[in-house]
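Right, one structure below, let's go through it.
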Protein chains: 2
Amino acid sequence: MAQIGLSNLGRQKSAEKTNAILEGAMGEFLAHGYAATSMERVAVAAGVSKATVYSHFQDKQGLFTTLVRRLAEEKYRTVFNPQDSQFLQGEPKVVLRRLATNMLDNAMGDQQVQSFMRLIMGESGRFPELAQPYVENLAKPVIELLSQYFASRCELQLSDPEATARIFIGSLVYFVILQEVLHGKEILPLERDRLINSLIEMITNAKY
Amino acid sequence: MAQIGLSNLGRQKSAEKTNAILEGAMGEFLAHGYAATSMERVAVAAGVSKATVYSHFQDKQGLFTTLVRRLAEEKYRTVFNPQDSQFLQGEPKVVLRRLATNMLDNAMGDQQVQSFMRLIMGESGRFPELAQPYVENLAKPVIELLSQYFASRCELQLSDPEATARIFIGSLVYFVILQEVLHGKEILPLERDRLINSLIEMITNAKY
DNA sequence: GTCTATACATCGATAGAC
DNA sequence: GTCTATCGATGTATAGAC
């Protein structure tokens, strides 16, 4: 609302419209995928005309790549990446449980996160460059953070902290994929805490 | 080639054409996804006309669901499911290594398997019923087989064999996803055997 | 910068000849 | 059963008015 003046109304490529378009594109691409999303529906969802969409973005690919890159860099970073430093304070058993519980809570309860996983995986063959922001900004930081944590806790006596981090993350992510993304919840039920318990038990090498 | 007679040439809905169409559809759907695949291109890939495709299958959805169901039931079963019963003979450390190595060898080296994973995940939101054959015929048998194996090896003293099976499979599948499907190989390199070693070490509770 | 209107291609699906 | 030809709808992208 902080416009410079009335004479500037509609006179510049407004960042608000750019955001509205990206918001609309997010809903459409997440719901229908790349190919099945039309620029017309994006325009309607954004509340602008199709021509306006094309004045803000070069073409459909450009809009799509901009959107996905932004989603990977900003929106879903918090799902896996606990920027709060006190997350790593305390006994390993407690820390790992907090981490796993947090990840699963965020991922299992958020339909948008699951749609994003479907989109990234589904288009990774035709848009290899779009999988990179996911790996670079989401997967890599988490794995490296966890690797360093595992390496720093010598009492765990882990022979390969990095591989252990992969096991930890992989087990959790595949759990989300199988139960939620692929709708395996009813066919292959498994309580969340059973997975977490076994994971922690295996890593800390201590039974409960 | 075992035709009843020359008079029957082209007189019945030939199973060969059905297979040719399914073969063509496989290549197209795996390469371009559901929405971006046209029935025209399927027809060309199968060496028939578009009308012939529609005489063998009700519509695009019908062809797609038939194809995916067939792929999940037949083609990719062997990737994860070792029907050879002697696969489970021997020391747990040896058996688990054989199992993991076999799974990763089959999955990492096969572009079609990776395209299939992309397709299933990518379309699981819009075709929930198609994820089911994957879960039912691929994921479930492997997890249950492994669960029973873990439960039968009392010396491993696993408190939750089913959860342990999930960890085992999940770590391997997410490794394939991250390295191959999402092209993380260069950004996040990790040798296959390091993952397998750590997995086996954690489960059998014995260092090398 | 944003809109309406439109050009041009391609889609899924079918009709009718053989 | 299979083909060619085609219909109607919808896709991306742009031209031109304001």
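Lettering of chains follows the sequences in order, A, B, ..., and the numbering in each one begins at 1. All figures in this text were calculated on a predicted structure; none of them were measured in a lab. Worth knowing before you read on, the calculation uses all heavy atoms, side chains too, and leaves out hydrogens, waters and symmetry mates.
- Heavy-atom nearest nucleotides on DNA chain D were determined for A/Thr37 and for A/Ala51, and the one closer to the 5' end corresponds to A/Thr37.
- Taking the side chain of B/Ser49 as heavy atoms from C-beta on, and the options C/dT14, D/dT12, D/dT2, the nearest nucleotide is D/dT2.
- Tested against B/His56 for a side-chain hydrogen bond (donor to acceptor under 3.5 Å, both in side chains), the candidates B/Thr66, B/Thr18, B/Asn19 yield a single pass: B/Thr18.
- A sub-4.0 Å separation between OP1 or OP2 of D/dT14 and a side-chain N or O of A/Tyr54 is absent.
- At the phosphate of C/dA13, neither OP1 nor OP2 sits under 4.0 Å from any side-chain N or O atom of B/Ser55.
- Within a heavy-atom distance below 4.0 Å of DNA chain D, the residues of residues 17-32 of chain B found are B/Lys17.
- With D/dA13, C/dT2, C/dG12 as the choices, the nucleotide that has an atom nearest any side-chain atom of A/His56 turns out to be C/dT2.
- Distance from the side chain of B/Lys50 is smallest to D/dT6 among C/dC3, D/dT6, D/dA13.
- If you check the side chains of B/Thr52 and B/Ser49, you find a donor sitting under 3.5 Å from an acceptor.
- Checking B/Ser171 against A/Arg166 by side-chain atom types alone, no donor-acceptor pair falls below 3.5 Å.
- Per the geometry, CG belonging to A/Leu63 stands 13 Å off C1' belonging to D/dT12, to the nearest Å.
- Atom CZ in A/Phe57 sits about 14 Å away from atom P in D/dA13, given to the nearest Å.
- Side-chain N/O atoms of B/Glu201 and A/Ser159 include a donor and acceptor closer than 3.5 Å.
- The side chain of B/Thr52 places no N or O atom within less than 4.0 Å of a non-bridging phosphate oxygen (OP1 or OP2) of D/dT2.
- For the segment residues 38-45 of chain B, no residue has any heavy atom less than 4.0 angstrom from an atom of DNA chain D.
- Within a 6.0 Å sphere centred on CD of B/Gln86, heavy atoms belonging to other residues, nucleotides or ligands number 12 at most.
- Rounded to whole angstrom, the span from the NZ atom of B/Lys60 across to the P atom of C/dA13 amounts to 8 Å.
- Ring planes of B/Tyr34 and B/Phe127: perpendicular class, angle over 60° (limits at 30 and 60°).
- Without hydrogens or angle criteria, A/Gln179 side chain to A/Leu188 main chain gives a donor-acceptor distance under 3.5 Å.
- Between A/Arg126 and A/Glu123, at least one side-chain N (NZ, or NE/NH1/NH2) sits under 4.0 Å from a carboxylate O, which counts as a salt bridge.
- Ion pairing between A/Arg194 and A/Glu191 fails under the 4.0 Å rule for side-chain N and carboxylate O.
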